[in-house]
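To start, the structure under review is shown below, and the notes come after it.
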Amino acid sequence: MHLRLATRKSPLALVQARLAAAALQKAHRDMEVELVPITSQGDTISGRLADHGGKELFVHALQQAMRAGQADAACHSLKDVGADSDEFVLAAFLPRGPAADALIGKSLAELEVMDAPRIGTSSPRRTGLIKSLLPGAQPVEIRGNVGTRIEKIAAGKIDALLLAAAGLHRLNLQASIAQVLPCATFVPAPGQGIIALECQRAKGSIAGLLAAVSDPETGAAALAERAVAARVAGDCHTPLAAHATVVNGQVQTTCLLTAPDGSALARAQGLAEQPQQSGRQAAEQMLDAGGRQILAQINAGG
C-alpha cells in the first residue's frame, strides 16, 4: 500500500509530515508513505502574509496537489486550515502537542521592566494579547521559518519572539524557550499544536486509512475550536483565540477576541458534551460580552 502525503517544504512542516508518516505506518504495517514536498505561494511572497490571503495559501497549494493527482492526502498545521470545505475533509487529528504560545529571548517579567520592548510576531492575536499585558510593547512584523526568526534576536533586531511551543518542541528547540504562556490567559489560536491530515471527500478509502491515527480527545478539541472560528467567521486578520479540552467527558472551550491594540478583550467559556455545541456556546457568549464591538472596530479599520 502506497500513500503520497503532500507537505510544505519548511523544516517544521517536514518534521510534522514525518510524524504523520510514522503514525500511519505504525497503524498500517503494509503502508509505504511517500512525502510530496510542495512550495506554496505563501512561501515565496514578501510582505505581510495577511495581505495576500493569509496562511490558507499554504493549505491551498497542498489541496491543489491532491486535486491534480500528485498526492493522496495532505499534512497541515490545523491552525492554518480555514473553513470546512465541500471538496476536502479533515480525516485525522494526531495527538496534540503543547497548545500554548512561548516567549523566546526574554520572559514577561524581563520585558515588563524594558522601555518599549520589541516583540516579533506576525499574528494579530498575539499582537493584541501581548499589548494587553505589556501596553508599551512594540510588535515587530516577522516572517520566515522558526530558525530565521530566532536569529533576529541574536542580531539585535528584536528583544523577544512569540511562537507556538509545539513547533519549538517538534524542532528540538525547547531549550530556547524563556517562558511558556499559560493557555488560560494567553489563549492560543484555534487548532494550535494540532497536526491534521486531509484528503478529498470523494476518496473515502483514503479517509478511512487516515482516520486510524486520529486521537479522539484532540479531534474533539479541534471540532470545538473550529466551531468558534466558524461562528465568528474569523480569518487571518481576526485576533481570535480558542482552546478546548475534554473534562469528565465534556468539552470545555475558552475563546477570546482582542482589539488589535490590546485595549479591549472579550472572553467566554462553553461546556457541552458535543464539541461543536461547546464551541458555538462559547463563541455566542464571547460576542455578547463585547466581541461584536471589537469585530466592528476591526472591520472599520480602527
Heavy atoms of Ala65 and Ala6 approach each other most closely as CB-CB, 4.5 Å
Residue set satisfying side chain to side chain donor-acceptor pair (under 3.5 Å) with Gln281, at least two apart, ordered chain then number -> none
Sub-4.5 Å side-chain heavy-atom contact between Lys131 and Pro139:
yes
Sorted by chain and residue number, the side chain to side chain donor-acceptor pair (under 3.5 Å) partners of Gln269 (sequence neighbours excluded) come out as Thr254
ask   = Is the shortest heavy-atom distance from the side chain of Gln200 to the side chain of Asp72 under 4.5 Å?
value = no
When the side chains of residues 25-35 are checked against the rest of the protein, which donor-acceptor pairs come out under 3.5 Å, sequence neighbours left out?
unit_1, atom_1, unit_2, atom_2, d
His28, NE2, Leu209, O, 2.8
Glu34, OE1, His2, NE2, 2.8

- Checking Ser278 side chain against Gln274 main chain: does a donor-acceptor pair fall under 3.5 Å? no
dist Cys183:SG -> His243:NE2 (nearest 0.5 Å) comes out at 4.0 Å
Check: Val251 and Leu271 side chains under 4.5 Å, non-hydrogen atoms:
no
Between the CZ atom in Arg126 and the CG atom in Leu161, the distance rounded to the nearest 0.5 Å is 8.5 Å
Compare all side-chain heavy atoms of Ile104 with those of Gln179 and state whether any distance is below 4.5 angstrom. no
Sorted by chain and residue number, the side chain to side chain donor-acceptor pair (under 3.5 Å) partners of Arg96 (sequence neighbours excluded) come out as Glu225
Point to revise | Side-chain ion pair, Asp159 and Lys106, N-O less than 4.0 Å | key: no
- [ ] Please indicate whether Glu87 has more than 12 foreign heavy atoms, meaning atoms of other residues, nucleotides or ligands, lying under 6.0 Å from its CD.
- [x] yes
Residues at least two apart in sequence or cross-chain that pass side chain to side chain donor-acceptor pair (under 3.5 Å) with Asn172, listed by chain then number, are none
Between Ile177 and Ala102, the two heavy atoms sitting closest are CG2-CB, 3.9 Å
_Within the 4.5 Å heavy-atom criterion, are Ile195 and Phe93 side-chain neighbours or not?_
no
Connected to Leu129, directly or through other members, by ILVMFWY side-chain contacts below 4.5 Å are Leu103, Leu108, Leu111, Met114, Ile119, Ile130, Leu133, Leu134, Leu162, Leu181, Phe186, Val187, Leu256, Leu265
| message | Applying a strict under-4.5 Å side-chain criterion to I, L, V, M, F, W and Y, I'd like to know whether Ile153 and Ile142 cluster together. | response | yes
Correct closest heavy-atom pair for Cys255 and Ala282 would be SG-O, 3.3 Å
One should read off an interatomic distance between Leu24 CG and Leu19 CG, to the nearest 0.5 angstrom, of 11.0 Å
Ala20 meets the side-chain contact (heavy atoms from CB on, under 4.5 Å) criterion, sequence neighbours left out, with Leu5, Cys75, Leu94, Leu197
Smallest heavy-atom separation, Gly136 atom then Pro117 atom, equals O-CD, 4.1 Å
CD (Gln70) and CG (Leu62) are apart, to the nearest 0.5 Å, by 10.5 Å
Residue pairs meeting salt bridge (charged side-chain N to carboxylate O under 4.0 Å, His left out), one or both in residues 237-263, sequence neighbours left out, come to none
Here the pair of heavy atoms bringing Pro98 nearest to His169 is CG-CD2, 3.9 Å
Quick note, salt bridge (charged side-chain N to carboxylate O under 4.0 Å, His left out) partners involving residues 147-158, not counting sequence neighbours, are none
Is there side-chain contact between Val59 and Gln63, with at least one heavy-atom pair below 4.5 Å? yes
So salt bridge (charged side-chain N to carboxylate O under 4.0 Å, His left out) across residues 166-181, not counting sequence neighbours, yields none
* Taking side chain as C-beta onward, heavy atoms only, is Pro260 less than 4.5 Å from Ile298? -> yes
| task | For side chain to side chain donor-acceptor pair (under 3.5 Å), just list the numbers for Gln64 and Arg67, CA-CA rounded to whole Å, side-chain angles, deciding distance to a tenth of an Å, and then say yes or no. | result | CA-CA 5 Å; Gln64 181 55 35; Arg67 194 179 285 124; 2.8 Å; yes
Do the side chain of Ser77 and the main chain of Asp80 share a donor and acceptor less than 3.5 angstrom apart?
no
Of all heavy-atom pairs linking Cys199 and Ile206, the shortest is CB-CG2, 3.8 Å
For residues Leu163 and Asp101, determine if any side-chain heavy atom of one lies less than 4.5 Å from a side-chain heavy atom of the other.
no
Residue set satisfying side-chain contact (heavy atoms from CB on, under 4.5 Å) with Leu173, at least two apart, ordered chain then number -> Val146, Ile150, Leu168, Leu171, Ser176
Quick note, salt bridge (charged side-chain N to carboxylate O under 4.0 Å, His left out) partners involving residues 187-204, not counting sequence neighbours, are none
Q. Are Arg125 and Gln192 close enough, and set up right, to give a side chain to side chain donor-acceptor pair (under 3.5 Å), and what steps lead you there?
A. CA-CA 12 Å; Arg125 173 189 61 87; Gln192 186 160 301; 3.3 Å; yes
